[in-house]
Amino acid sequence: MEQVKEDIIQIEHVSKSFGRVRALTDVSLSVGRAEVVVIIGPSGSGKSTLLRCINHLEGVDKGCIIVDGMPLTDAENINRVRTEVGMVFQLFNLFPHLTALENITLAQRIIRKRSREESERKGHELLERVGIPEKADVYPVQLSGGQQQRVAIARAMAMDPKIMLFDEPTSALDPEMIKEVLDVMLDLAAEGMTMVVVSHEMGFVRAAADRIFFMDEGSIVEETTPDELFTAPKEERTRQFLSKILH
Amino acid sequence: MLSSEERVLSESREVQHGSLRTSLDRRYAVALIGSLLVLVSFFLPLFGQKIVRTVTYYSAEEVVSEYPGLIWGQHYREGRPPKKQEYVRTELEFGPTDVGSGSGCAWVSAAIEDEENRRQLIGNALSLIAVLCGAIVIGIIGLREWRTGRAPGLGAVKLMFYLAVLSVLAMAAVLLYQFDFDVSVLKARVGELDVAPGYWGMSLGSALLLIGVLLICQNRRHPVFSWWVLVYGAALAVWALSKFKPVPFAEIFQFLSDGIVVTLRITSVSFFCILVAGLIGGLGRISKNRVLNGIASLYVEIVRGIPLLVQLLFIWFALPQVNKSLGSYIVENIPAISGLGEWLVNLRLSPFSAAVIGLTVCYGAYMSEIFRAGIASISKGQMEAARSLGMSYFQAMRWVILPQAIRVILPPVGNEFVALLKDSSLVSVLAVSDLTRRGREYMARTFLSLETWAMVALIYLVMTLLASRAVAMFEERASFER
């Protein structure tokens, strides 16, 4: 599919080190609007680091990242970008001292400055959309992992972001709960949300991904599509990785 | 239809309940017997004799009192404060009481009717009434629980425990009262006092009450003794001393009460400032900005290395000199901010302000470390989630990190408050009229060192124990909400 509009995320020749460890080496990629991009790779390959650079949770040493036309250079831009980019974490990171609904309405009220009624209405709507409307006044500690992650997705969605980032969203879940979270993510993809996902869930990759990037040791090894990936990957390293995770 | 397993379980439970029931009965029996004994003995004579005359010899004068039991108090009533160094000896003259008027019942009614001497007698009467009430209440609770066979509720057991302890203490107080709470006189003269069956009955009854209640307590899983007992005990000691030995303790307490107010004021004002200083310092310590971090770390290291007393003395004595020289230097050499220089030169800190500043600077450093540890204990993911939603650093702190950190830092902050209460005694060197300083002043006037300092120590104990309990309640509430 040809992207007529400008790409919403442009990552250009980005390098990053943590002390002496090179996490990213000259990585470039771009994500188009309404595109679902999945990044796969072994641990330590830099995929989470790359994801976290997109909303500047990590700064880059070399290169630049432009999100929705705004380069991530000064603090004002960064904050604005963060309101347009929602992130879902592996360990959920829900605020334990607030109920599920309060988790979702907090950012709306203090950043988007919405009224309490408006933000609560949106909160209830989103909880319904992720399938747990009855858990609005429940504290995160009382929810299962799958429910917590769905609340986390709703919390990120409450800010009406243009892009959603997912950092291994199902890696910390019991197998029975993975499906409920993936279903929510598939719905989001079907509705046309731009998503960048780091995951090992090959079912999701097959069902929703538009493009797949395989990373290893800090650089992109291969860029491919789901069909190509599962039938004939080009690089040897990709084949090795796939043979390990598809058992 | 019960399975064989269920049947065995229910049978064993019955057996347990049965033996539990009989052993409960036996324990209640002890308490009930004690209760009965107290009730009966209340109407028997307590003492066969009473003190009819006390002659107290001082080196300078001899003072005679016709009233039984009052040695120190009587002197004070005649307008002369007692001086312990002058005291040489006491001679007691005993005479018989008639049977009826010697009973506990008679003592109480005599105390209530005798308007003239009521103040002296009322302490004694109250003790007897306390024992009586204890016996009645324990008896009623015991009977009720015994008949229904249920285990008593925690509230009922606690009440019985406190009443039983109070009864035993009260009976000891009644005996001591005969000798005006002067243990030396008690030791010398106790053989001469004719102790009648009524007193033995009530004492034995109280002892049985206590033993019975302790046996009942043994059966429970929850401990009956709570730390509140200490608070009550210390407060009771203060009250009892002032009531039973008004000379010198009531006067001491009067004199110290202004100091108590000052101590509380200093502690509360300082604590508020310390929280602010701690928050700022803590945020400085975790900040990634090297300058802020450096300043905060320097502050903490220096202040933690100098004793609080030295810091207070420095602020009171040395700082005015520093201010003066710094101020005059500014006035002479930096005309642009000469206003600041003038202000510095003329700055006169009141003792109260100096004390608050000193305590804030010192405790603020410790509080900074507590805040730092508390904030750092909140996982990084929380800050990341907040920032990725678009919150600024301060918004994330205010709404996400600090509300969680407060639950972590509450126990150590509570500890610091209690420590602050005690360390506030150091401001007495700064001419602040707090509790310790009032104690020193009173001691300088009367040389009653033991009485004065015992009272001061007890008052501090009551304050700190109350504060500890309040902090513990706060912690409980905060953690439950989680």
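By convention in this document, chain letters (A, B, ...) are assigned in the order of the sequence lines, proteins followed by strands, and residues within each chain are numbered from 1.
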Worksheet item: Do other residues, nucleotides or ligands put more than 12 heavy atoms under 6.0 Å from A:R112 CZ?
Response: yes
Worksheet item: Do you know which of A:T83, A:N55, A:L106 has the most heavy-atom pairs with chain B at a distance under 4.5 angstrom?
Response: A:L106
Item to complete: Please check if any side-chain donor atom of A:S48 sits under 3.5 Å from a side-chain acceptor atom of A:D167, or the reverse.
Response: yes
Discussion item. If you count heavy atoms of other groups shown closer than 6.0 angstrom to CZ of B:F272, is the number above 12?
Written reply: no
Worksheet item: Who wins among B:S379, B:A386, B:S392 for the most heavy-atom pairs under 4.5 Å with chain A?
Response: B:A386
Worksheet, complete the sentence: Of A:V81, A:N79, A:I111, A:V88, the largest count of non-hydrogen pairs under 4.5 angstrom with chain B goes to A:I111
Practice prompt. Select, from A:L98, A:L91, A:N93, A:L165, the one with the greatest count of heavy-atom pairs under 4.5 Å involving chain B.
Written response: A:N93
Fill in: Close side-chain approach of B:V300 to B:R372, heavy-atom, < 4.5 Å
no
Worksheet item: Using non-hydrogen atoms only, which part of A:I110 is less than 4.5 Å away from chain B: side chain, backbone, both, or neither?
Response: both
Discussion item. Check this for me: does any side-chain nitrogen of one of A:E191 and A:R129 sit under 4.0 Å from a carboxylate oxygen of the other?
Written reply: yes
Worksheet item: Is the shortest side-chain N to carboxylate O distance from A:E76 to A:R80 below 4.0 Å?
Response: yes
Worksheet entry | A:F95 versus chain B, the contacting section by heavy-atom distance below 4.5 Å | both
Worksheet item: Checking heavy atoms, do the side chain of A:I78, its backbone, both or neither come under 4.5 Å from chain B?
Response: neither
